[in-house]
Amino acid sequence: MAPYLVCYSSQTGTSKKLAINFAHEIEHTIDHSEIPTTGNLFEVKSINNLEEPKDLVGWKLICFFISTYGDGEQCNDGELFYNKLRQSEDRCFEKYGVQTLFTMFGCGNSLYDEYQGAANDLCEELKRLSFHKVGDFGKGDDGCDMLMEDYNEWKLDTIPLLQNLLDLPLVQKQNEYIPQFDVTETDEKEVSLFDKNSNPPYHEDNPFFAHIMEIKELERSDNDAKKVIHASLNLEQRKTNLHYTTGDHLAIYPSNSETDVRSFLELLGLWDKRNQVAKIVPIGHAIKPFYPIPCSYFSLCKYYLEINASPSRQMIRFIANSFTENRYIQDSLANITSNIEIFTQKVTSKHLTISKLLEKFGYENFRIPISFFMESLGALKPRYYSISSSSLESPGTTDITVSLDKNTNDDFEGVFSKELERILNDQTNALRNVKLPMFIETSKFRLSTNPGKPTILICAGVGIAPFRAFIRESALKNKSADIGKLFLYYGLRKQETDFLYSKEFNQLSNELQGKLEINIAESRGDKPKTYVQDLLKKHGCKIGELCINDNASIYVCGRASTMGKGVSKTLIDIFSERKGGIKQGDNYLKFMKILGRYREDIW
């Protein structure tokens, strides 16, 4: 058998995919001609194939990839084996006379309280049984859509560690670049990926180009307040048959700014031939083109390539070793990528793109083929926004509420934020000419089918967007039927400057005649700092009664880092006081989720 094991436990296949990738990558670095045995050194197995704990004996190293199921539970394929480990005696593997090493990478969701619960529990059991952990405990966070980035960072440090630890013979040309795209310049006319005159149905691969009916900056009385833009798009329903339901998302394909495109093409040495058309064809059938063939370099970088993506340590390290001969640059980039803390401080936290990072070294010192960035950066992805209009009130138009993603300290601007601001500042041309490629993304973030029950809306910042739609729709329904009371808990910096749609909400409150209660949490007002969670705790008795006695529904919208986990934990505490304990409170929140009475729209 192979001396090293890569073992996974997976509910949906994610950990299996990572385990196979890890084994393949580390095998690719090994010079097998220097090894007397044939076959691979790393064997991949499901934890389900290990019948007894003693099956772990004989492996010199075991690399675990463990997914957490639900809130801290083992996956179905690993639960039996984990329970058998728990039943084993302390340090029982010492009797076999071999100390087995192991690494751990967990896949979990930080929005749950028991984040990485399964991987944590398995790690502690292995150490109790005298296994020895090497390297960092890798933690992939699917809740913040960072799982692959977390895995790549962990892998970048772990593979060299294992190479040295196991004294593996390495191939000499690990940094040799083998392109996955064939680039051939041509005199043919370029084509577009999306047809502006295409027919329905409209979806991710066939977006509709929507006309901007209205675009405006929402009022603010303080220049320090964040700029927020309201835009309305025409669905042209007679032509498109596009329909949405209140709570759905609008997905928009952005385009990169010409300033960013120029910097990127200058890095590649292609700015002077930006209009040159090229046939860029994937080598092999595994890669699906995300761009039209043929296409100019300019169009590729403006409309299809994610040129502003945050570069990874692996990408920068490969550029240093393969695409520059300047020793100073190689050493500088090696220092930047030496560990995750330095890389975060010097690159990630400053929102540096690849062109901004390499600019100070002089673009002329690099010879980077465009195919490398197509492999490393990938497609320019659609941006998703909660629709802030009611389909009942405005079925033919969709409103979006966009906070301009800017950081004045490092000149960072979001791709679509920058595009939308440009349109805002040039209204005449924009309203006449600009159309945005978009499609409707169905959501489960829906108002209750029982409008007579109370509704609790919890949000912060632009998280108010879908609740504007909810409240407008409720006000419309209230004209012909009796609706339950709405309780809005809104977190913002200052009520005076950051309350979005404040005049509109005052008008809606009057229309609803006491059926809308607005509660504001100010984090930077004149009063003591208050967050939404603080306000929920203060109103804990009322919220508990609304949910447990009156069957209220709860909706949460905002950033995952500030809203998701903190709000759910506060609600569990509230329910715990009425249900008799933390476990009972947690179970009640899960019960609400199952019934569809607790829904989140977080990013």
Side-chain angles (χ1 to χ4, degrees), residues 12-14 17 142 144-149 181 190-212 231-237 239-256 280-282 285-293 295 299-309 373-389 391 395-402 405 414-420 423 434-446 465-466 469 560 600-603:
T12 60
T14 301
K17 176 183 174 183
D142 197 37
C144 297
D145 199 25
M146 290 290 292
L147 194 146
M148 288 308 300
E149 288 84 349
F181 292 88
E190 70 172 323
V191 298
S192 297
L193 183 63
F194 302 133
D195 182 1
K196 291 185 178 181
N197 299 310
S198 65
N199 296 316
Y202 295 103
H203 45 75
E204 186 172 6
D205 295 324
N206 182 38
F208 171 64
F209 283 74
H211 174 67
I212 301 175
S232 299
L233 280 72
N234 188 352
L235 297 181
E236 299 181 40
Q237 285 184 324
K239 169 186 172 182
T240 65
N241 200 31
L242 274 171
H243 298 276
Y244 74 98
T245 302
T246 302
D248 281 345
H249 296 147
L250 189 70
I252 299 176
Y253 282 100
S255 59
N256 294 306
I280 305 176
V281 182
H285 301 289
I287 303 173
K288 179 183 177 182
F290 53 84
Y291 51 88
I293 303 174
C295 178
S299 294
L300 174 68
C301 296
K302 182 166 180 63
Y303 301 111
Y304 308 113
L305 189 62
E306 194 77 81
I307 64 174
N308 286 301
F373 285 129
M374 295 178 70
E375 298 155 20
S376 305
L377 299 175
L380 184 60
K381 299 177 181 64
R383 272 51 174 176
Y384 292 83
Y385 297 93
S386 301
I387 295 176
S388 55
S389 55
S391 58
T397 61
T398 56
D399 295 349
I400 55 173
T401 308
V402 182
D405 207 354
V415 175
F416 185 62
S417 298
K418 188 183 293 187
E419 181 179 7
L420 205 58
I423 296 171
V434 171
K435 291 188 175 183
L436 299 175
M438 51 74 69
F439 59 94
I440 303 293
E441 182 78 2
T442 302
S443 166
K444 294 182 179 179
F445 202 65
R446 295 275 190 269
E600 296 177 328
D601 183 4
I602 55 181
W603 61 91

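Worth saying up front: this structure is predicted, and the values here are computed from it rather than measured. Side chains are part of it too, since the values below use all heavy atoms of this structure and drop only hydrogens, waters and symmetry mates. Index from 1, following the sequence.
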| field | Euclidean distance, Glu306 CD relative to Ser376 OG, rounded to 0.5 Å | value | 13.0 Å
| query | Roughly how far apart are Thr12 OG1 and Asp142 CG, rounded to 0.5 Å? | reply | 8.0 Å
| Atom of Ser443, atom of Asp248 and distance for their closest heavy-atom approach | N-OD1, 2.9 Å
| Going through the distances and angles, do Tyr244 and Ser389 end up as a side chain to side chain donor-acceptor pair (under 3.5 Å)? | CA-CA 10 Å; Tyr244 74 98; Ser389 55; 3.0 Å; yes
| said: I want to check something: taking the side chain as every heavy atom from C-beta on, are His211 and Leu233 in contact at a cut-off of under 4.5 Å? | reply: no
| For Met438 against Leu235, the heavy-atom pair lying closest together | CE-CD2, 3.8 Å
| task | Sequence neighbours left out, what passes side chain to side chain contact (heavy atoms under 4.5 Å, CB included) with Pro382? Give chain and number order. | result | Glu204, Ala251, Tyr253, Tyr384, Phe439
| query | Under 4.5 Å between any side-chain heavy atoms of Leu300 and Ile280, yes or no? | reply | yes
| Is there a donor-acceptor pair under 3.5 Å between the side chain of Gln237 and the backbone N or O of Leu242? | yes
| So, for Pro289 and Pro282, which heavy atoms are closest and what is the spacing to 0.1 Å? | CG-CG, 3.7 Å
| task | Apply side chain to side chain contact (heavy atoms under 4.5 Å, CB included) to the pair Ile387 and Thr246, showing each step before the final yes or no. | result | CA-CA 7 Å; Ile387 295 176; Thr246 302; over 6 Å; no
| request: Could you walk me through whether Phe290 and Leu305 pass the side chain to side chain contact (heavy atoms under 4.5 Å, CB included) test, one step at a time? | output: CA-CA 8 Å; Phe290 53 84; Leu305 189 62; 4.0 Å; yes
| message | Is there a side-chain contact between Asn206 and Phe194 in this structure, where contact means two heavy atoms from C-beta onward sitting under 4.5 Å apart? | response | no
| message | Looking at every non-hydrogen atom in both residues, tell me the closest pair between Arg383 and Phe416 and how far apart they are. | response | CG-CB, 4.4 Å
| Heavy-atom distance under 4.5 Å between the side chains of Thr240 and Tyr202, does that happen here? | yes
| task | From the options Ile307, Asn256, Leu377, select the one residue that forms a side-chain contact (heavy atoms from CB on, under 4.5 Å) with Cys301. | result | Ile307
| task | Determine, step by step, whether Glu375 and Phe181 satisfy the side chain to side chain contact (heavy atoms under 4.5 Å, CB included) criterion, reporting the C-alpha distance in whole Å, the side-chain angles of both residues, the deciding distance to 0.1 Å, and the verdict. | result | CA-CA 8 Å; Glu375 298 155 20; Phe181 292 88; 3.6 Å; yes
| Any side-chain heavy-atom pair of Glu236 and Phe208 under 4.5 Å | yes
| query | Measuring from Ile252:CD1 to Leu420:CG, what's the distance to the nearest 0.5 Å? | reply | 7.5 Å
| query | Going from CG on Leu250 to CD1 on Ile400, what distance comes out if it is rounded to the nearest 0.5 angstrom? | reply | 6.0 Å
| Gap between atom CG of Leu436 and atom CD1 of Ile423 - 0.5 Å precision | 5.0 Å
| request: Tell me yes or no: between the side chains of Thr397 and Asn234, is some donor less than 3.5 Å from an acceptor? | output: no
| message | Working note: Lys435 + Ile212, criterion side chain to side chain contact (heavy atoms under 4.5 Å, CB included); need CA distance, chi angles, decisive distance, verdict. | response | CA-CA 6 Å; Lys435 291 188 175 183; Ile212 301 175; over 6 Å; no
| query | What's the spacing between Asp601 CG and Phe445 CZ if we round to 0.5 Å? | reply | 5.0 Å
| remark: Correct closest heavy-atom pair for Ser299 and Glu190 would be OG-OE1, 3.0 Å
| No-hydrogen, no-angle side-chain donor-acceptor test under 3.5 Å, Ser391 and Thr245 | no
| query | Quick check, are the ring centers of Tyr291 and Tyr304 under 6.0 angstrom apart? | reply | no
| Heavy-atom closest pair, residues Ser255 and Glu419 | N-OE1, 3.0 Å
